[in-house]
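To start, the structure itself, in structure tokens.
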Amino acid sequence: MSLPDHTPLRAPLTAIPRDLVSVADYARYAPGFIAPPVLEYIAGGGADEVTLKRNRQKLDELMILPRPLVDCTRGGTHTTVLGEHLRHPLLLAPVAFQQLVHPDGELATATAASVLETGMVVSTLASQPLEGIAARLESPRWFQLYMQQSRDFTLSLVRRAEAAGYSQLMVTVDAPLHGIRNRAQRAGYQLPADIEAVNLAGRPPLPSASFDPSQSIVFQGMMSEVPIWDDIAWLQQQTRLPITLKGLLHPADVRRAQDMGLAGAVISNHGGRTLDCVPSAIEMLPRIREAVGPDFCLLLDGAIERGTDVFKAIALGANAVLIGRPQLYALAVAGPLGVAHMLRVLREELEVTMALAGTPTIADITPDALI
């Protein structure tokens, strides 16, 4: 439950409390460090939050079938994703407006990612300049792109990302509109005036539109501005950076991305924050892996908060997973120290899971490890 509005918020901790031992513990601590409307905005899902709950439920239903007596002494979590060597199959998902929870925002997160050798996907809607975040990152740096109505402005974002040293583009395609976020509405959430999407400064204003009574502000208005497959094909011609599409759930869409020559796909329902009543990523993953074969890169997000969750995703066909909300909770509670600790907990839990399951390397984690 959120704290009352009058409750003073605590400054980020400088040491990790003894009882903060799991990723979920950061969510438990978060109400003391995040203003109630902001916390409701972060924690909430779309509409009745059916999908938000399903993301966790479907992970919990999967059981690991361990194999003892396996020599695990040469084990490790190292892996390669899209040609990049990762210390572990974890990436920090693109999360917008991180100054909502910490004054340094994405810069603090980047510091933690570098210490824990974790790739970070930087959001178009970051509250810090993408160049400054890239300069802080010593681990793999990817840029998440929300395509803009102006192709010229979209291309300017891509060129900035290229110049700053980002090595991958991740185009989010499942959030052309905000979902029906009733929890945030009830809490009265509004983006504070002193926090903005600084990387969109200078974006051309949208043309004014008028509608006759027979038209819809959604279909003829908002949806007239969002990208379609032709725009993705255009983007491919503009950059040499590998492109992944984030927010696909239908096997046919992932297969189309593969056929277009895209680098990969992120199987995701946007953390249950856009369209409610859609399946979880983890339940769609096996069907999608079967559709695209073993070599196409598949990433996954949605309710990942245990090493066992990472293991389950890898077993069902993911090459790596993305961590979303937990990075905000950890950043709010203990700044870069919290994010680094959160990542270390996940990595150590994954190592323990792999060892006890008898799967010493990422390649050893197969569907047979689950029932």
Side-chain angles (χ1 to χ4, degrees), residues 45-47 50-55 57-59 61-62 81-83 89 91 93-94 121 142 144-147 154 168-180 218-219 222-239 241-304 312-322 324 366-367 370:
V50 173
T51 294
L52 179 68
K53 298 167 187 172
R54 189 180 184 92
N55 285 346
Q57 173 192 349
K58 290 301 178 180
L59 277 166
E61 288 176 359
L62 295 166
V81 176
L82 294 175
L91 294 161
V121 188
W142 298 7
Q144 176 268 339
L145 178 67
Y146 280 116
M147 296 186 70
T154 295
Q168 312 273 346
L169 281 181
M170 181 178 290
V171 182
T172 297
V173 297
D174 65 342
L177 308 176
H178 285 297
I180 306 299
V218 173
F219 294 115
M222 300 174 186
M223 290 303 291
S224 68
E225 304 165 2
V226 303
I228 59 176
W229 285 103
D230 287 346
D231 296 298
I232 302 301
W234 168 81
L235 182 63
Q236 285 182 281
Q237 303 303 313
Q238 309 304 316
T239 182
L241 293 181
I243 298 172
T244 61
L245 297 186
K246 182 178 186 296
L248 300 182
L249 287 173
H250 199 296
D253 289 334
V254 183
R255 184 61 184 269
R256 182 168 182 173
Q258 181 186 37
D259 291 343
M260 289 176 64
L262 298 177
V266 183
I267 314 309
S268 170
N269 57 37
H270 214 85
R273 293 171 65 79
T274 52
L275 179 60
D276 200 15
C277 299
V278 302
S280 67
I282 197 70
E283 65 187 296
M284 295 306 302
L285 179 59
R287 292 172 58 183
I288 292 170
R289 175 53 75 194
E290 182 179 5
V292 299
D295 298 326
F296 191 63
C297 182
L298 297 179
L299 308 177
L300 177 140
D301 70 12
I304 302 293
K312 293 171 184 179
I314 300 296
L316 293 181
N319 297 95
V321 302
L322 284 78
T366 66
L370 301 182

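From a predicted model like this one, the values you see are computed outputs, not experimental measurements. We count residues from 1, following the sequence as given.
- Annotation: I180, atom CD1; neighbour count of heavy atoms from other residues, nucleotides and ligands within 6.0 Å does not exceed 12.
- Using a 4.5 Å heavy-atom cutoff, the side chains of L262 and Q236 are in contact.
- Rounding to the nearest 0.5 angstrom, the gap separating the CG atom in D295 from the CD atom in Q258 is 8.5 Å.
- For the atom pair L235 CG and L169 CG, the distance stands at 6.0 Å (nearest 0.5 Å).
- Here the side chains of I267 and L249 are in contact, with some heavy-atom distance below 4.5 Å.
- Here the side chains of P367 and R289 are not in contact, with every heavy-atom distance at 4.5 Å or above.
- Annotation: side chain of N269 is not in contact with side chain of L275 (no heavy-atom distance under 4.5 Å).
- Residue pairs meeting the salt bridge (Lys or Arg N to Asp or Glu O under 4.0 Å) criterion with at least one member in residues 248-268, sequence neighbours excluded, are R255-D259.
- Nearest heavy-atom pair across A175 and T274 is CB-CG2, 3.7 Å.
- Residues M284 and P251 come closest through the heavy atom pair CE-CD, 3.9 Å.
- Side-chain contact between M147 and L145 is present, with at least one heavy-atom pair separated by less than 4.5 Å.
- Using a 4.5 Å heavy-atom cutoff, the side chains of F296 and I288 are not in contact.
- Remark: E290 pairs with no residue by the side-chain hydrogen bond (donor to acceptor under 3.5 Å, both in side chains) rule, at least two apart or across chains.
- Formation of a donor-acceptor pair under 3.5 Å by the D276 side chain with backbone atoms of T51 is found in this model.
- Annotation: the span from M260 atom CE to L245 atom CG amounts to 7.5 Å, rounded to 0.5 Å.
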Could you give me the CA-CA distance, side-chain angles and deciding distance for V254 and L298, then say whether side chain to side chain contact (heavy atoms under 4.5 Å, CB included) is met? CA-CA 9 Å; V254 183; L298 297 179; 3.9 Å; yes
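- Taking all atoms of both residues into account, the shortest heavy-atom contact from V121 to L322 is CG2-CD2, 4.4 Å.
- Between L299 and M170 there is a side-chain heavy-atom pair separated by less than 4.5 Å.
- Counting only distance, with no hydrogens or angles, the side chain of K312 and the backbone of L59 share a donor-acceptor pair below 3.5 Å.
- Nearest approach of S268 to D301, heavy atoms of both residues: OG-OD1, 2.6 Å.
- Between the side chain of Q144 and the main chain of P94, no donor-acceptor pair closer than 3.5 Å is present.
- Among the candidates T366, L285, L300, the single residue satisfying the side-chain contact (heavy atoms from CB on, under 4.5 Å) test with L316 is L285.
- Considering every non-hydrogen atom in both V81 and C297, the closest pair reads CG1-SG, 3.8 Å.
- Of all the heavy atoms in A281 and N55, the pair that sits closest is N-OD1, 4.3 Å.
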